[in-house]
Protein chains: 2
Amino acid sequence: MGGDDDGVRAEPGRSVTSKVLALLDAFSPATPALTLSELARRTGMPLPTVYRRAAELVAWGALERGDDGRYRIGLRLWEVGSLAPRGLGLRELALPVMEDLYEVTHENVQLAVRQGLELVFIERIAGRHAVPVLTRVGGRFALHATGVGLVLLAHAPAEVQEQVLAAPLERYTELTITDPRRLRRCLAEVRRAGYAVSDRQVTMDALSVAAPIRVPEGVVAAISLVVAHDRADPVALAPLVQAAGRVVSRALNNATGPAV
Amino acid sequence: MGGDDDGVRAEPGRSVTSKVLALLDAFSPATPALTLSELARRTGMPLPTVYRRAAELVAWGALERGDDGRYRIGLRLWEVGSLAPRGLGLRELALPVMEDLYEVTHENVQLAVRQGLELVFIERIAGRHAVPVLTRVGGRFALHATGVGLVLLAHAPAEVQEQVLAAPLERYTELTITDPRRLRRCLAEVRRAGYAVSDRQVTMDALSVAAPIRVPEGVVAAISLVVAHDRADPVALAPLVQAAGRVVSRALNNATGPAV
DNA sequence: CTGGCGCTTTCACTGGGTGAAAGCCGAAGC
DNA sequence: GCTTCGGCTTTCACCCAGTGAAAGCGCCAG
């Protein structure tokens, strides 16, 4: 048999639901718009199948189809997605605080939560005169490099930490921590200090200072400032970020009764 | 009220996809967390069916299941949703401008697009010392009352305008425009002036000033300031909002090549 | 005119989906 | 302790929604 396929293999007999979800999976920040055949190729499903499923998704609003025939994620899906618990309570409560932080510093302000072994950026205020950051809202990133990542990892369940420490740590710059033992010491220091500094560990021009956001059960999110590394004084910024973290923590604890 | 809602009726033989989407539909700002039986009741589907579909959605991350057994929208869905075209390009470009507007005024800044016969709030900066607004990001609202709504409606395709004008116009306050002929005149005035003012037409304490965001094809979004009606000077605010709208328009036109 | 590409529709077959019913589990009541 | 009850999970035999090869369509380039 010719072995020239590259995309996801189509397991015969996969459930309809998984097909629908596979279609959504095909979209990514790098490929936010796909033609029918691209979708078919990426999901490994026959073209007519993709056609029918996609048509249903378009009818509901989960996908949109542009004049160019390409499919995109639909506004309706965004709408439903914004009901995600962290999208809701946390984001709404944190945004005013992030604005304050931005107004004081005019630097990039970021808010992230951990999901599995990665972090997801929930919100970001991108200072127009600040260093450009390559992350985007809704984007994922490794836990071991960014400021928010270090905070989230430092306060994650032990098993999560072990899994991250066991896997190879990707290197982004020459300052990225890739030695598990050094990372372990770094995490201990983050817990002790109550904040994390990532100095040029993601890009060589930026430095970030991050602080945890806590509920009684533990740390649910992290907030950070990203600044140019050569005009940065992490020690001066830390109290600001920590204070912001505490304000959001307090707001969260007051607001949410039962569920996070 | 409306506590007795039967939710969506189950047509026998509806497609699996529609069942999956019906599950997502069951979630709303008012009901962001649902038990299995609530889901079954709201969608009109048998409990085992809901159980299986929901399990698949949880496995993928479209839903999450809390310790309390309730289902919530999952972070993964939010992540995919944030790839929606308006969620992406527009929001990212508009946010810095919205921040500037907030910094100058310290009032609520809102960004909305039209979807069908309603508007959807894409982004909002809620001034902590400004009037509280009841809308939320990801939430929908009628087109005929708010400032953004009037702008979006005034520049919507004729058929959309006719549909809105033909349907009964819900009254929110005694100042809400509910007479189609008056609304029609109002829309003409919005087009002429290049901005819209909604004075106490949604709540009796707030007033909003909105301006369009344009691409060559037409108006794709609207930006607005919401302020306390008694300290408002719409005529003074209008140029600010219009300027913000123009800045975003320009950014959009530069950034987006092929697709909006 | 022809060939190629990408999308849409058809059609007969089949296995994933169905839902009634039975099992399970923990909490509240006796 | 035992029982009931409500809500969740699993089973099972039936069957129609979904399937995908193949044919049809529309468009553009050569």
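Lettering of chains follows the sequences in order, A, B, ..., and the numbering in each one begins at 1.
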Separation of dG18(D) atom P from E56(A) atom CD, nearest Å, is 6 Å

Ranking dT18(C), dT9(C), dG20(D) by distance to the side chain of T49(B), first place goes to dT18(C)

Next item on the list: Check whether any side-chain heavy atom of V202(A) lies under 4.5 Å from a side-chain heavy atom of F141(A), and answer yes or no.
Entry: yes

Open item on the list: Measuring to OP1 and OP2 of dT19(D), would you say a side-chain N or O of K19(A) lies under 4.0 angstrom away?
Closed with: yes

Atom OH of Y71(B) and atom C1' of dG7(D) are separated, to the nearest Å, by 11 Å

note: R41(B), atom CZ; dC8(D), atom P; distance rounded to Å ~ 11 Å

Under a 4.0 Å heavy-atom criterion, the protein footprint on nucleotides 21-26 of chain C, written with B, S and -, is B-----

Picking from dG17(C), dT8(C), dT9(D), the nucleotide nearest the side-chain atoms of R65(B) would be dT9(D)

Residues 154-170 of chain B vs side-chain hydrogen bond (donor to acceptor under 3.5 Å, both in side chains), sequence neighbours excluded, gives E162(B)-R184(B)

Could you run down the sub-3.5 Å N/O contacts of the protein with nucleotides 11-14 of chain C?
none

Out of dT9(D), dG18(D), dT8(C), minimum distance to the side chain of L36(B) belongs to dT9(D)

* Asked: Considering only heavy atoms from C-beta outward, does the side chain of F27(A) approach that of R42(A) to under 4.5 Å?
  -> no

Here the distance between atom P of dA17(D) and atom OH of Y51(A), to the nearest Å, is 19 Å

Residue pair V16(A)/G69(A) against DNA chain C: nearer the 5' end by closest nucleotide is G69(A)

Contacts satisfying side-chain hydrogen bond (donor to acceptor under 3.5 Å, both in side chains) that involve residues 45-55 of chain A (not counting sequence neighbours) are R53(A)-E56(A), R53(A)-T17(B)

R53(A) atom CZ is separated from dA17(D) atom C1', nearest whole Å, by 9 Å

Test item: V113(B) and R91(B) side chains (from C-beta on) under 4.5 Å apart, heavy atoms
no

Check whether any side-chain heavy atom of Y71(B) sits under 4.5 Å from a side-chain heavy atom of V50(B), and report yes or no. no

Please determine whether a side-chain nitrogen or oxygen atom of R14(B) lies at a distance below 4.0 Å from atom OP1 or OP2 of dG18(D).
no

S28(A) vs T31(A) side-chain heavy atoms within contact, under 4.5 Å:
yes

Would you indicate whether the side-chain heavy atoms of M98(A) and L111(A) approach each other to under 4.5 Å?
yes

Practice prompt. Check whether any side-chain N or O of R65(B) sits under 3.5 Å from a backbone N or O of G69(B) as a donor-acceptor pair, and report yes or no.
Written response: yes

Exercise for the section: Output yes when E79(A) and R140(B) qualify as a salt bridge under the 4.0 Å nitrogen-oxygen rule, no when they do not. Expected result: yes

Between CG of L47(A) and P of dT10(C) the distance, given in whole Å, is 16 Å

Whole-Å distance, L39(B) CG to dC8(D) C1', equals 13 Å

Residues at least two apart in sequence or cross-chain that pass side-chain contact (heavy atoms from CB on, under 4.5 Å) with A33(A), listed by chain then number, are R70(A), R72(A)

Rounded to whole Å, CE of M45(B) lies from C1' of dA17(D) at a distance of 15 Å

### Message
Under 4.0 Å between a side-chain nitrogen and a carboxylate oxygen: does that hold for D25(A) and K19(A)?
### Response
no

Taking five pairs at each terminus, the helix from dC1(C)-dG30(D) to dC30(C)-dG1(D) shows an axis bend, to 10°, of 30°

